[in-house]
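In what follows, every chain begins at residue 1, and chains take the letters A, B, ... in the order their sequences are listed.
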Amino acid sequence: MNQAKRILVTSALPYANGPLHIGHLAGAYLSADVYVRFQRLMGKDIVFICGSDENGAAITIKALKEKKHPKEIVDKYHELFKQAFSGIGVSFDYYHRTSAQLHHETSQEIFRELYKSGKFEEKTTEQYYDTKANQFLADRYIKGTCPNCDYADAYGDQCENCGSSLSPTELINPISTLTGDAPVLKTTTHWYLPLDKDEDWLREWITQGTIDGKEHHLASDWKSHVVGQCKSWLDGGLLPRAMTRDLDWGVDVPQEIPGSEGKKLYVWMDAPIGYISSTKAWAQENGKDWKDYWQSEDSKLVHFVGKDNIVFHCIIFPSILKALDNYVLPTNVPANQFMNLEGNKISTSKNWAIWVNEYLADLPGKEDELRYFMVKAMPEQKDSEFTWKGFQEAINNELVNNLANFINRVIVLTNKYYEGKIPEFDDSLMICGSDNTEDISFLDNELLRLFDDLNDYSHHIRAYEFRAALNKMMEISSKGNQILQFNEPWKTIKTDEELVKTVMFLCIQYGAALSVAIRPFLPKASENLRALLNLPALKEEGELVEMMDKLALGEYLIESGHQINEAKHLFSRIEDDLVDAQISKLNASKVAANTDSTSDNPIKENIIFDDFSKIDFRTATVLEAEKVPKADKLLKLTLDLGFEKRTVVSGIAEQYKPEEVIGKQVTIVANLAPRKIRGVESQGMILMAENQSGKLSFISPEKGWEEGTVVR
RNA sequence: UGCGAGGUAGUGUAAUUGGCAACAUCGGAGGCUCAUAUCCUCCAGGAUGUCGGUUCGAAUCCGGCCUUCGCAACCA
């Protein structure tokens with residue numbers, strides 16, 4: 001692929017119904033920010049675009065629950081996002097929002113264009129409608145009895161008990177989770193994008209990197225898990241996807257299109273178009289043309305996303321862009337995997353997370369520290385793990401002991417020996433190089449080595465290998481420490497002052513190089529280091545490429561005679577009590593979420609005694625138990641009710657081994673209509689108590705009672 | 001069940017096309033004293049999840065198994 005003239009970088013639009021946590025940062029924002037800052041330092045024309053995703057059903061539902069207008073919800077999170085991003089130093093060129101007028105117009109325009117050029121298929125289907133809530137119901141908002149296993153709380157798309165995937169119309173006795181009413185079927189018409197027709201070119205584009213045989217990108221540059229995931233989708237066969245929904249919060253389908261009333265654009269269409277509208281907003285305010293970035297062959301588009309977003313950015317959005325004809329397709333989608341936290345998955349609903357806004361408040365001035373560890377533990381190829389202990393160790397061992405210490409040594413010595421004025425020196429003197437104590441080298445050689453390291457570092461970032469680049473950066477700092485150690489200026493100063501000048505001059509060049517090289521990862525520390533060295537602040541306008549040119553030509557980064565400032569620590573140690581406090585805070589929040597169980601399981605509607613007395617509860621003892629083949633969760637139990645024996649299938653296999661339950665006394669519903677589950681007829685249902693974390697416990701008579709006793 | 005990505009020193013990660021298993025940290029020993037008890041050197045630590053196959057040679061290629069994560073509601 002030819003060198004692109006300009007680069008457009010996007011980070012996934014955060015959904016405005018919850019705050020930002022470190023997993024988000026690791027997934028799509030820090031990686032993008034490092035990449036963008038680096039390309040700016042290389043003098044590239046690059047634009048970094050993002051914005052809040054503020055449409056869709058989840059926001060209306062949250063608004064309904066909190067008795068607020070959706071606008072209040074999205075405004076709140078939009079502000080929180082902006083604060084979090086600016087606090088942690090994610091340097092968007094433009095941060096937009098999908099509730100903006102410009103976004104609505106842009107989305108409608110694109111919809112109109114696709115509609116006019118006949119890219120949509122119109123289909124009419126029957127869907128469940130909640131007459132009380134006055135809206136169509138997404139599959140997940142419908143519950144009912146599973147037709148396969150009789151499980152009472154199956155969702156409209158899937159039964160969590162038997163694992164079968166369902167469609168809402170298959171459910172027995174469907175119920176709207178919004179109002180608890182039975183929904184009614186109603187016909188509705190939507191516009192579909194026939195993705196099935198895109199399979200061939202998508203496969204060629206993703207696996208070969210070509211479009212109609214013409215080179216688009218290097219397929220080997222894409223991450224294996226991204227390509228693998230896409231192939232999996234393609235091999236499974238793509239289906240036409242609806243691009244519209246029956247919603248009341250989002251972008252209207254353009255009015256002039258017949259049947260548009262009450263229809264909104266679906267998120268898959270709406271959200272990625274947010275990238276385009278955000279670019280437009282940026283262009284308007286900066287006197288640029290957005291089309292240069294979206295409709296020009298010599299522009300490169302890179303989407304930074306988490307792994308859950310791969311399908312949108314590699315299949316659905318490219319299909320939309322391709323259908324529009326004149327738009328560029330992404331050159332790469334360097335998706336990251338997930339970051340776990342202290343051994344568990346990050347979970348918003350379980351409140352198991354480090355919230356970015358809280359981090360900024362709890363550890364003020366430690367933004368670069370978080371950035372450093374986030375990159376160090378970035379889930380580039382596989383899931384990774386954040387631990388506070390690991391965070392503390394990385395910061396203390398690497399940022400404080402190595403990097404900050406090297407800088408401090410150089411600055412203290414320069415001040416001590418030369419009153420902070422970079423000395424004149426003799427470049428013909430031989431010094432110890434960074435690679436070996438025995439190896440004697442000239443200063444110019446050492447500066448070429450520094451160039452090589454910076455070059456490696458650059459290659460890593462261009463290849464989206466941020467962790468490798470971070471290692472390289474620390475390697476440069478280590479080499480600085482080695483040069484000091486091998487040459488021991490604090491000793492040599494007593495015997496050979498001229499040699500010390502050459503060594504110190506070299507170390508100062510290392511410091512200057514680091515002040516630029518750390519910039520993408522550690523913007524604040526970079527700023528502080530520039531100030532210590534009394535160098536002009538970085539504008540991220542080609543400073544790195546200029547510096548590397550100088551090194552390649554044998555020029556110096558700081559000249560003799562330049563005056564630097566007094567030493568000041570770049571980073572300070574993170575003490576035990578700080579991380580201990582954060583760990584307790586995390587554990588406390590988990591407990592709080594666990595005890596708050598009534599919110600998820602509200603008490604059901606009242607029933608009358610007659611309803612209750614219809615159910616025949618009995619005690620029973622488990623005689624035999626065996627696993628149901630090809631089912632993870634099911635045990636086939638033989639129960640003794642005293643007057644008869646029965647077979648009951650129960651979804652407890654994940655927590656109980658067959659041999660553990662034999663002999664246990666349980667309570668069952670004895671008059672539940674029999675139902676076949678995985679080919680076995682189940683004659684009843686065992687009662688289990690389930691806690692917040694999904695753990696099960698039998699409901700057994702307190703005293704060993706005889707079998708078949710009535711329970712009431 | 002199927003599909004995709006993983007499984008490598010205690011921990012976190014590397015290893016272009018098969019060719020001496022590398023780096024950081026932790027642990028042990030030594031050196032230095034400019035520096036935030038920091039830095040530098042050396043040592044130790046591994047049947048590369050498991051079983052089998054191809055090969056002169058396998059972490060790498062092939063097959064079986066075990067295991068972790070993910071697979072279009074929300075969520076990076």
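Within a 6.0 Å sphere centred on NZ of A/K231, other residues, nucleotides and ligands contribute 12 heavy atoms or fewer.
One finds no salt bridge joining A/E497 and A/K501 here, because no Lys/Arg side-chain nitrogen approaches an Asp/Glu carboxylate oxygen to under 4.0 Å. Ionic pairing of A/D246 and A/K264 is not present here: no N-O contact between side-chain nitrogen and carboxylate oxygen is shorter than 4.0 angstrom. Under a 4.0 Å N-O distance rule, the pair A/K376/A/E398 qualifies as a salt bridge.
Only the C1' atoms considered, B/rG10 is 13 Å distant from B/rA44, to the nearest whole Å. Nucleotides B/rA58 and B/rC26, compared at atom C1', are 31 Å apart to the nearest Å.
Comparing A/S384 and A/K479 along RNA chain B, the residue whose closest nucleotide (by nearest heavy atom) sits nearer the 5' end is A/S384. Of the two residues near RNA chain B, A/N481 and A/L238, the one whose nearest nucleotide lies more 5' is A/N481.
OP1 or OP2 of B/rU41 sits under 4.0 Å from a side-chain N or O of A/Q482.
Of all nucleotides listed (B/rC32, B/rC40, B/rC71), B/rC32 comes nearest to the side chain of A/W490. For A/K491, the listed nucleotide lying nearest its side chain is B/rC32; candidates were B/rC40, B/rC32, B/rU36. Among the nucleotides B/rC34, B/rC75, B/rU13, the one closest to the side chain of A/R467 is B/rU13. Of all nucleotides listed (B/rU36, B/rC26, B/rA35), B/rU36 comes nearest to the side chain of A/H569. The side chain of A/D308 has B/rC75 as its nearest neighbour among B/rC69, B/rC32, B/rC75. Residue A/Y15 has its side chain nearest to B/rC74 when only B/rA5, B/rC74, B/rC40 are considered.
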